[in-house]
Amino acid sequence: MKPKVFITRPIPDAVVETIKETCEVDMWHTSAILPPIAEKIGALDGLITYGHELVTEEMMDTAPNLKVIAVVGVGYDHVDADAAKARGIAVGNTPGVLNGTTADMTFALLFAVARNIIPANQHVQSKQWTYYDPNILWGYDIHHATLGIVGMGRIGYEVAKRALGFDMRVLYYKRNRREDWEAELGVEYTPLDRLLEESDFVTLHVPLTPETHHLIGERELERMKSTAILVNIARGPVVDSKALYEALKAGKIAGAALDVTHPEPISTDDPLLTLDNVLIAPHVGSATIQTRTRMATMAAENLLAGLKGEPLPYSAFAD
Ligand code: NAP
């Protein structure tokens with residue numbers, strides 16, 4: 001009997017075909033309706049999650065045969081990893097492959113807000129560009145500005161490398177200082193408060209943990225420059241969105257770009273959607289053809305190894 005596997009959203013056909021060689025595959029057909037994981041998990045040997053769907057301890061308790069949960073993505077805060085570990089269920093993720101892609105998107109968001117790209121496009125598309133006006137859509141310089149990287153790990157490192165190409169001064173904050181990166185890139189370690197006070201742009205790259213929940217709240221936003229722009233490409237709950245709304249509305253910071261929100265999707269009546277100094281993307285930080293395909297391939301490699309009882313090539317527990 002082939003092991004039973006559920007994939008929570010469509011992944012590339014070629015990857016599905018590889019899994020089908022040794023497994024009985026059930027793939028949820030759409031991203032528009034949440035996959036019924038709780039209903040299916042009891043019969044599964046392996047699960048691929050591709051959309052941050054919660055996988056809880058209670059679900060695992062109904063799955064005596066479950067050997068592996070393979071996350072398509074690097075953040076695995078939606079899976080109760082401690083409960084999995086306690087039950088001998090392997091958990092894999094896809095670190096590394098999306099570093100450059102997510103760092104590119106960090107800069108895309110930063111540029112879009114700093115240089116008013118969306119309003120500029122709207123100005124033209126709404127046929128308001130009837131004469132050249134040198135006094136509209138002024139933004140903020142990126143070159144020679146100060147960038148503060150909060151949570152400088154794999155993705156933050158790539159962001160720092162890109163920042164150097166724009167002649168930026170780079171500050172970073174994390175729990176463990178990286179003097180080797182300071183020597184290599186010329187980045188400067190600072191406590192979080194100083195980073196917030198001195199940065200023109202603050203980008204967030206921490207994982208979501210109890211410690212980083214609302215890491216950026218009212219107190220932190222108060223410390224930022226009134227001309228500063230915040231980019232959250234980590235996880236929505238890392239920022240207190242109510243405090244962010246108040247800060248943006250009161251002009252305590254100049255703007256924000258969010259690739260992630262809480263909840264996801266953002267509620268249609270979320271007050272953030274009423275502001276014109278915030279840009280929100282639907283969690284597309286790693287969404288390129290090359291990277292999403294590679295992520296699905298890595299998740300399949302994790303799945304197949306876990307089903308055979310072998311160590312996962314990309315284990316979340318190794319972090
Ligand atoms: P990583 O290599 O593990 O880096 C995370 C960094 O955060 C590390 O430098 C870590 O350093 C720091 N950190 C952890 N807890 C912290 C805390 N309490 N205070 C300060 N710093 C802390 O992870 P990554 O691969 O760069 O990914 C980072 C996160 O980005 C993921 O967990 C995921 O949630 C998010 N992400 C989002 C997208 C997207 O599409 N929007 C795509 C990929 C990843 P220390 O341990 O020294 O503190």
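For the single chain, residues carry numbers from 1 onward in sequence order. Read the numbers this way: they start at 1 and go in the same order the structure lists the ligands and their atoms.
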Less than 3.5 Å between some nitrogen or oxygen of D77 and one of ligand 1, yes or no?
no
Do the charged groups of E158 and R154 touch, with an N to O distance under 4.0 Å?
no
Side-chain (N93) to main-chain (V74) donor-acceptor, under 3.5 angstrom:
yes
May I ask you to list the atoms of ligand 1 that are less than 4.0 angstrom from any heavy atom of G285?
39 (C), 40 (O)
Exam field: side chain W138 to backbone P134, donor-acceptor pair closer than 3.5 Å
yes
4.5 Å side-chain heavy-atom contact, M1 and E24:
no
Which atoms of ligand 1 have any heavy atom of D259 under 4.0 Å away?
39 (C), 40 (O), 41 (N)
Could you go through S126 and Q128, starting from their C-alpha distance and side-chain angles, then the distance that decides it, and tell me whether this counts as side-chain hydrogen bond (donor to acceptor under 3.5 Å, both in side chains)?
CA-CA 6 Å; S126 63; Q128 292 175 69; 2.7 Å; yes
Charged N-O contact under 4.0 Å between D45 and K2
no
Between Y172 and Y189, what is the ring plane arrangement, given parallel below 30°, perpendicular above 60°, and tilted in between?
perpendicular
P95 heavy atom under 4.0 Å from ligand 1:
no
Any atoms of ligand 1 less than 4.0 Å from a non-hydrogen atom of G151? List them with their elements.
6 (C), 7 (O), 9 (O), 12 (C)
Can K252 and E246 be counted as an ion pair, charged N to O under 4.0 angstrom?
no
Which ligand 1 atoms does S286 reach within 4.0 Å, using its non-hydrogen atoms?
40 (O)
Polar-atom distance check: V260 versus ligand 1, any N or O pair below 3.5 Å?
no
Closest to atom 35 (C) of ligand 1 among G156, A234, G75 (heavy-atom distance):
A234
Please could you name the atoms of ligand 1 that M152 approaches to less than 4.0 Å, counting only its heavy atoms?
9 (O)
Is T209 close enough to touch ligand 1? Criterion: a residue heavy atom under 4.0 Å from a ligand atom.
no
If you count the atoms of ligand 1 from 1 in the order shown, which ones are under 4.0 Å from a heavy atom of H283?
39 (C), 40 (O), 41 (N)
Looking only at distances, can you tell me whether any N or O atom of I155, backbone or side chain, sits closer than 3.5 Å to an N or O atom of ligand 1?
yes
Is it the case that ligand 1 has an N or O less than 3.5 angstrom from some N or O of T212?
no
Measuring from Y131:OH to D133:CG, what's the distance to the nearest 0.5 Å?
5.0 Å
Y173: heavy atom below 4.0 Å from ligand 1, yes or no?
yes
Do the two ring centres, one from F111 and one from F166, sit under 6.0 Å apart?
yes
Ranking R175, E211, H78 by closest non-hydrogen atom to atom 48 (O) of ligand 1, top hit is R175
